[in-house]
Amino acid sequence: MKKYILFSLSLCFLICSCVQKKTQNENIDSQNISSGVEWLDTDGNRINAHGGGILYHEGTYYWYGEYKGDSTYWNPKVPSWECYRTEAGGVSCYSSKDLINWKFEGVVLKPDVNDLQSDLHPSNVLERPKVIYNDNTKKFVMWLHVDSHDYAKATAGVAVCDLPAGDFEYLGSMRPNNVMSRDMTLFKDDDGKAYHFYSSEENRTLYISELTDDYLKPTGNFTRNFIDQSREAPAVFKREGKYYILSSGCTGWDPNVAEYAIADSIMGTWTVKGNPCSGTDADKTFYAQSTFVIPVAGKKDAYIAMFDKWNKTDLINSRYIWLPITFKDNGDIDISWQSEWDLEKTFK
Ligand code: DGJ
């Protein structure tokens, strides 16, 4: 009897570990992108790069994201919304040649654990880092949302590096154009000019702010967009001379309906087109929130929309949802739910 129980237990263990292995490696063993499951890096560790963005540089993709701490807690000092927090562990970087296999390059903007006053102290908020390359200064420039523990500071931080995979040197934070700055992204246009998109005025209005030639500061030329429409999580791309922006509504870590808009000029005017998502849970953005759109290098009309599926009570265990964008003849877009899709077959 004892032997039988032991044998059954071992069999159960074997089956369980095989099932687990299959789930975890789903994203690594093929050209398939499986949304919403745990993604592992090439060392077999969970990818920790939330609210991220991608830089393509000299044949390699670099994925920068929030390196979240292990424990999530609720910040009672913010009574107006469910302020779940985790230690801000800096900005991580992963590299890949194929957008499937990701090598951990390390934490490239390190937290400052010793100085309580530092923006980079883990008790503060570091979110939505984005990196662009400046062809003139030859610097990699990172902007990110830097905030106090209660999200009251509302600033943007800037860091630079000579190399894509760090270590980045932190230059400090500011309220660009003297207004609040929270959720944000960067966009570098074909002419080399770069722009900072950020939720401002208590997240009610989205600013588009031109950056100086070195990408380190705002020039002072900005526009106010989607006024009083409370848009967050901006992700910007360009196709056939038209600019696109994806964004979410403003409901903390909870999902809501996405929206996209199109413009002929980067500073606007933007025409709102509605929800780009279709299929299961499209009205809740598949229970996720936009963060970036990746133009796939060397392929025409190949763009991947990146989303975060937040797990608000266990933020490090949030998942990634990456889906291809399809274009209609008139330039409108569709992002339809697919639990798994083949990158090679989708973008021939
Ligand atoms: C929504 C934002 O898009 C996230 O980046 C984060 O700031 C959460 N709000 C916090 O609730």
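For ligands, and for the atoms within them, numbers begin at 1 and follow the listed sequence.
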Open item on the list: If I apply the N/O under 3.5 Å rule, does Glu127 come out as touching ligand 1?
Closed with: yes
- [ ] Could you tell me whether Gln289 and ligand 1 have an N or O pair separated by under 3.5 Å?
- [x] yes
- [ ] For the residue pair Tyr151 and Trp81, categorise the inter-ring angle as parallel (less than 30°), tilted (30 to 60°) or perpendicular (more than 60°).
- [x] perpendicular
Open item on the list: Heavy-atom pairs closer than 4.0 Å: do any link ligand 1 to the side chain of Tyr84, the backbone, both, or neither?
Closed with: neither
- [ ] Determine whether the side chain, the backbone, both or neither of Glu82 has a heavy atom under 4.0 Å from any heavy atom of ligand 1.
- [x] neither
TODO: Examine Asp183 against ligand 1 and note whether any of their N/O atoms are separated by less than 3.5 Å.
DONE: yes
TODO: Please say which of Asn177, Asp183, Thr185 ends up in a side chain to side chain donor-acceptor pair (under 3.5 Å) with Tyr198.
DONE: Asn177
Task: Which residue and heavy atom of the protein sit nearest atom 5 (O) of ligand 1, plus the separation - done: Arg128 NE, 2.9 Å
Open item on the list: Check this for me: Asn275, atom CG, are more than 12 non-hydrogen atoms of other residues, nucleotides or ligands nearer than 6.0 Å?
Closed with: yes
- [ ] Measure the distance from atom 11 (O) of ligand 1 to every protein heavy atom, then report the residue, atom name and distance (to 0.1 Å) of the closest one.
- [x] Trp81 CZ3, 2.9 Å
Open item on the list: Before we go on, tell me: are the rings of His57 and Phe140 under 6.0 Å apart, centre to centre?
Closed with: yes
- [ ] Check His145 against ligand 1 and report side chain, backbone, both or neither, counting heavy atoms closer than 4.0 Å.
- [x] neither
Open item on the list: Under 4.0 Å from a heavy atom of Tyr151: which atoms of ligand 1 are those, numbered in the order shown and with their elements?
Closed with: 7 (O), 10 (C)
Task: Test: Arg239 cationic atom under 6.0 Å from Phe327 six-membered ring centre, within 45° of axis - done: yes
Open item on the list: Which option wins on minimum heavy-atom distance to atom 9 (N) of ligand 1: Gly51, Ser199, Gly252?
Closed with: Gly252
- [ ] Indicate the ring-plane relationship of Trp322 and Trp102, choosing parallel, tilted or perpendicular according to the 30° and 60° boundaries.
- [x] perpendicular
Open item on the list: Quick one, Trp270 and Val272 - any side-chain contact, counting heavy atoms below 4.5 Å?
Closed with: no
